[in-house]
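Atoms within a ligand are numbered from 1 in the order they appear, just like the ligands themselves.
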Amino acid sequence: MAANRTSIHGQWSSRWIFILAATGSAVGLGNIWRFPYETAENGGGAFVLVYLVCIALVGLPVLMAETMIGRRGRQSPINSMKSLAEEEQCSRYWQLVGIFGVAAGFLILTFYSVVAGWTLSYVFRALSGVFSHSSVAQIQNMFAALTSDPLRLLAWHTIFMAMTIVVIARGVKGGLEQAVRFLMPVLFALVLVLVCYSLTMPGLSQAIAYLFKPDFSQINPGTILSGLGHAFFTLSLGMGAIMAYGAYLPEHISIPRASLTIAALDTCVALLAGIAIFPIMFSYGLQPHEAGAGLIFKVLPIAFGKMPMGNIIGLLFFVLLMFAAWTSAISLMEPATAWLVERKGLTRVRAAAYTGGLAWVLGIGSLLSLNLWSKVKLFGMTFFGLVEYLSVNIMLPLGGLLIAVFAGWFMSRASTSDELNLTGYGYKAWKLGVRFIAPLGVLLIMLHTLFGIF
Ligand code: PHE
């Protein structure tokens with residue numbers, strides 16, 4: 001292959017490690033926390049349908065494009081974009097895509113760590129066995145008690161951010177690979193155990209209809225933008241995480257095949273999580289739209305309290321969810337860190353400490369907006385809501401749009417076809433995706449939702 005750069009940050013040792021690491025980045029709170037709660041807030045099946053369409057038509061081509069740019073550039077997203085723009089003789093300003101992505105990832109990390117902190121806190125609750133002797137109402141109150149206590153939230157947020165800094169500081173080989181090798185398969189297995197349990201619940205058929213029989217009247221611009229944003233979020237796209245991981249990908253690995261595997265695994269985990277969670281919710285008479293961002297924390301412990309060996313399964317589940325969040329947070333922090341190392345010549349340890357430290361400070365805004373600042377609204381949203389909306393619904397799709405335009409319109413056929421190792425219909429389909437479907441789709445949805453055009 002034409003690209004002859006090597007990465008100063010190291011390389012993945014095999015194809016599977018890349019797939020595991022990228023899946024580790026993709027599978028996280030997005031699948032198990034955010035997917036169910038966005039589904040519940042956006043009318044159930046209608047949201048699921050929009051999300052699936054966005055994954056197939058927009059997510060997949062952009063996932064391939066990002067991996068490809070990363071591998072060809074072999075540096076942090078900003079410098080990869082810069083080198084490739086030079087190589088293709090286009091404007092140096094394309095590196096702004098990388099900068100924009102670093103900013104988006106950084107913003108996501110700020111609230112991601114807060115939510116991951118909830119998971120940590122639930123690990124200890126599960127350990128105490130409290131779920132098995134709590135009523136449904138007590139379980140709902142437990143979540144409220146956690147989010148209304150800023151100091152507890154701060155403690156968990158701090159621990160989680162510190163854990164992420166430690167892995168990032170140790171670097172690609174030492175940290176990331178070890179963290180993803182065993183955890184992903186076990187998490188997958190555990191979600192399957194939960195699904196099996198839910199298959200026995202009385203609310204099963206209601207849940208399946210809720211998830212898979214879309215009520216088309218619920219599809220509106222807001223649902224579509226949320227589905228699009230979530231597709232980017234769950235595949236870790238539009239902000240350079242996958243680009244940064246692609247930079248460590250050995251030459252001989254097929255990007256299209258790896259991308260398909262990653263997208264399929266990620267989507268399976270989300271759908272299985274939905275199939276696990278909603279039957280429990282309906283069986284206990286809880287209403288989807290009332291649950292809010294605490295949905296899984298209010299629903300799953302009910303099942304853990306009742307099922308055989310529920311204490312152990314609950315404990316394992318929250319431990320693994322914490323690990324899944326960890327592997328995603330690592331990829332959120334990596335682009336900014338790699339850039340500080342390349343650009344400012346900092347050591348990885350320092351770069352990770354700066355990025356994580358700053359994200360920690362901003363995260364405090366999000367955790368306070370759950371309690372002391374809950375009445376403070378900016379554009380009708382809390383601080384947490386605003387950071388989440390801006391980064392996920394606006395910045396990720398915009399970043400993805402620019403990446404698609406660069407790959408589709410500015411990179412030469414020779415370099416893309418070579419790097420993707422694709423020809424014929426496969427290549428044409430990808431090109432159609434990055435040239436037209438992804439950019440136009442994102443543009444139309446944004447113009448319509450944000451400015452009411454069309
Ligand atoms: N995809 C991750 C998740 O679903 C979140 C993430 C978004 C990670 C963007 C990296 C970049 O939890």
Side-chain ion pair, K82 and E342, N-O less than 4.0 Å: no
Whether F131 and Y122 hold their rings parallel, tilted or perpendicular, with breakpoints at 30° and 60°: parallel
Contact list for residues 17-36, test salt bridge (Lys or Arg N to Asp or Glu O under 4.0 Å), sequence neighbours left out: R34-E38, R34-E388
Starting from the N and O atoms of ligand 1, collect every protein N/O partner closer than 3.5 Å and put each pair on its own line with the distance to 0.1 Å.
unit_1: ligand 1; atom_1: 1 (N); unit_2: S25; atom_2: O; d: 3.2
unit_1: ligand 1; atom_1: 1 (N); unit_2: A26; atom_2: O; d: 3.0
unit_1: ligand 1; atom_1: 1 (N); unit_2: F233; atom_2: O; d: 2.7
unit_1: ligand 1; atom_1: 1 (N); unit_2: T234; atom_2: O; d: 3.2
unit_1: ligand 1; atom_1: 1 (N); unit_2: S236; atom_2: OG; d: 3.0
unit_1: ligand 1; atom_1: 4 (O); unit_2: A26; atom_2: O; d: 2.8
unit_1: ligand 1; atom_1: 4 (O); unit_2: G30; atom_2: N; d: 3.2
unit_1: ligand 1; atom_1: 4 (O); unit_2: N31; atom_2: OD1; d: 3.4
unit_1: ligand 1; atom_1: 12 (O); unit_2: L29; atom_2: N; d: 3.1
unit_1: ligand 1; atom_1: 12 (O); unit_2: G30; atom_2: N; d: 2.8
unit_1: ligand 1; atom_1: 12 (O); unit_2: Y112; atom_2: OH; d: 2.5

Partner of Y51 by ring pair (Phe, Tyr, Trp, His ring centres under 6.0 Å), out of F232, F35, F233: F35
Check ion pair R348-E334 (N to O, under 4.0 angstrom): yes
Exam field: side chain S366 to backbone L362, donor-acceptor pair closer than 3.5 Å: no
